[in-house]
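Every heavy atom of this structure was used, including side-chain atoms; hydrogens, water molecules and symmetry mates were not.
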Amino acid sequence: MKMPLPDQRVLARRDEIIAALRRIVPGEGVIERPDELRPYESDGLTAYRQPPMVVVLPETVEQVAAVLSYCHKHGVKVVPRGSGTSVSGGALPLADAVLLGMGKFNKVLEIDYEDRLAVVQPGVTNLAITNAVEGEGFYYAPDPSSQIACSIGGNVAENSGGVHCLKYGLTTNNVLGVQFVTIDGEVLRIGGKALDAPGLDLLGIIVGSEGLLGVVTEVTVRILPKPETARALLAGFPTVESAGQCVADTIAAGIIPAGMEMMDKPAIHAAEAFVNVGYPLDVEALLIVELDGPAAECNHLLEEVQAIANRNGAVTLRASQDEAERLAFWAGRKAAFPAVGRISADYLCMDGTIPRGQLPKVLRRMNELAAQYSLDVANMFHAGDGNLHPLILYDASKPGELERAEEFGADILRLCVEVGGVLTGEHGVGVEKRDLMPVMFSEVDLRQQQRLKCAFDPDSLLNPGKVFPTLHRCAELGRMHVHRGRLPFPELPRF
């Protein structure tokens, strides 16, 4: 994995930079000793590690603005970081960069039940929002598997989803506004408490921008009333193809479950051994389908899904009878990632999205690739919206296995694009998918995306080396071609 070469001129000024940061964030807000930097050397994509030059942990918006302003003025790179749960390398440090940790921004600032929103700082964990409002019968809908640890600021950066994103949407559908600090230290408010803010949709640009445009210091999110009823169904199938067809038939019938997850046999066995919730072990694929809403509607739709599952050859069906059982069904799926960690020394968690109808073809091809690379794979994914999370199992201590795992993962993502899908559903591009961006985008597309970054960060100081496979200077991207002394479209006014 190639990253931008460290700027030796910046490294030569390390002591000076640290002293300046200590003046901005006094006390224990600056971390510089090598042993203390070690916990920050990677995010959830632990295959790649790089200690940062220095870590700074601000506590106020003014401190964030001052740090960014200083770095902008002195040409120092900045890598924003939330809880570090990203599995795409989005928070991978750089040797010549300041790692800006937002963990101390951990307060719920306001809860407005009448307008159904909450204002929180970016270091608040995803699950903490629901914990703060559930006493009044509300919750925050996006629920990544890492929700107990991942921060809402990181969710905004990666546009995270979760098992309930099929019905309730991704982060972008549940964020109303942000406070946002630019690289030169300007504090902006984008969006707000209104349902639809006027002007350009800058909020749509910021959500999912992976720390390339600025630093989020406050987030306004939607909160929803807890559904009257929620029931989950476990449906086991003899083949992954029949389970995939059940998914397609359910959506085609006009039924939009709150969540619809699939696990294949290796994932089922790993999860059951980890949490012991009663998953069937004699099936090749397991669907977890949740219906919610008024009790009568919920029960009716549950019967409809059971009928669809039976038509697709389901060999086991089990519906939750109470809330404890429903949560138990989900406990295995939520714990699937750490569960697989018990059966493999290392794994890469991929994140591609495909049309639902392509599920059987893609799963068959992934099994062929597993044989080709002599590596095992455990599949779990948000089946309802086609967001795949294959876990490629490998052992980094064995020469060549990491490289084979990377090539296997790249082939899976190429396959996703080939069948009409995309490189990422919710994990972001980071460094993991960076070099695959030309598979999905043309050079014209990539240059246009980089021009957008240049509008916010003309010196490319924010999270460089991520997302874009080739870095261009903003001056190069903005150059106008002059042919024989004549500008294109000379009748247009120039600004």
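- Side-chain contact between Y279 and R333 is present, with heavy atoms from C-beta onward closer than 4.5 Å.
- Surrounding CG of L281 are more than 12 heavy atoms belonging to other residues, nucleotides or ligands, all under 6.0 Å away.
- Using a 4.0 Å cut-off between charged side-chain N and carboxylate O, R38 and E41 make a salt bridge.
- Sequence neighbours left out, not one pair with a member in residues 242-269 passes ring-ring contact (aromatic ring centres under 6.0 Å, His included).
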Practice problem: Begin from the C-alpha positions of R365 and E418 and carry the test salt bridge (charged side-chain N to carboxylate O under 4.0 Å, His left out) through to its verdict. | Solution: CA-CA 12 Å; R365 180 62 182 140; E418 177 187 317; over 6 Å; no
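- Just one residue in the list I152, I190, V207, I206 forms a side-chain contact (heavy atoms from CB on, under 4.5 Å) with V216, and that residue is I206.
- More than 12 non-hydrogen atoms from other residues, nucleotides or ligands lie less than 6.0 angstrom from NZ of K104.
- When L388, V247, D264 are each tested for a side-chain contact (heavy atoms from CB on, under 4.5 Å) with F381, only one passes: L388.
- In summary, the side chains of H389 and E426 do present a donor paired with an acceptor at a separation below 3.5 Å, with no hydrogens or angles considered.
- Between the CG atom in L327 and the NZ atom in K334 there is a gap of 10.5 Å [rounded to 0.5 Å].
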Quiz item: Can you list the steps and then say if K167 with E290 is a salt bridge (charged side-chain N to carboxylate O under 4.0 Å, His left out)?
Solution: CA-CA 10 Å; K167 183 173 182 178; E290 182 170 297; over 6 Å; no
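- Using modelled atom types, one finds a donor on one side chain and an acceptor on the other under 3.5 Å when comparing T424 with D351.
- Donor-acceptor pairing under 3.5 Å is recorded for the side chains of Q179 and T217.
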Self-check item: side chain to side chain contact (heavy atoms under 4.5 Å, CB included) evaluation trace for Q449 with F468
Solution: CA-CA 9 Å; Q449 292 177 40; F468 299 116; 3.7 Å; yes
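- Atom CZ of R116 is surrounded by 12 or fewer heavy atoms from other residues, nucleotides or ligands within 6.0 Å.
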Practice problem: Start with the C-alpha gap between D143 and T130, add the side-chain angles, then the distance that decides, and say whether side chain to side chain contact (heavy atoms under 4.5 Å, CB included) holds. | Solution: CA-CA 10 Å; D143 55 346; T130 291; over 6 Å; no
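- Applying the side-chain hydrogen bond (donor to acceptor under 3.5 Å, both in side chains) rule to D411 yields the partners Y373, R414; only residues at least two apart in sequence or on another chain are considered.
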Practice problem: Give the C-alpha distance, both sets of side-chain angles, the deciding distance and a yes or no for side-chain hydrogen bond (donor to acceptor under 3.5 Å, both in side chains) between Y168 and D292. | Solution: CA-CA 11 Å; Y168 295 105; D292 66 6; 2.7 Å; yes
Exercise. Please report the C-alpha distance between E323 and R326 in whole Å, then the side-chain angles of each, then the deciding distance to 0.1 Å, and finally whether the salt bridge (charged side-chain N to carboxylate O under 4.0 Å, His left out) criterion is met.
Key: CA-CA 5 Å; E323 182 66 1; R326 182 186 74 85; 2.6 Å; yes
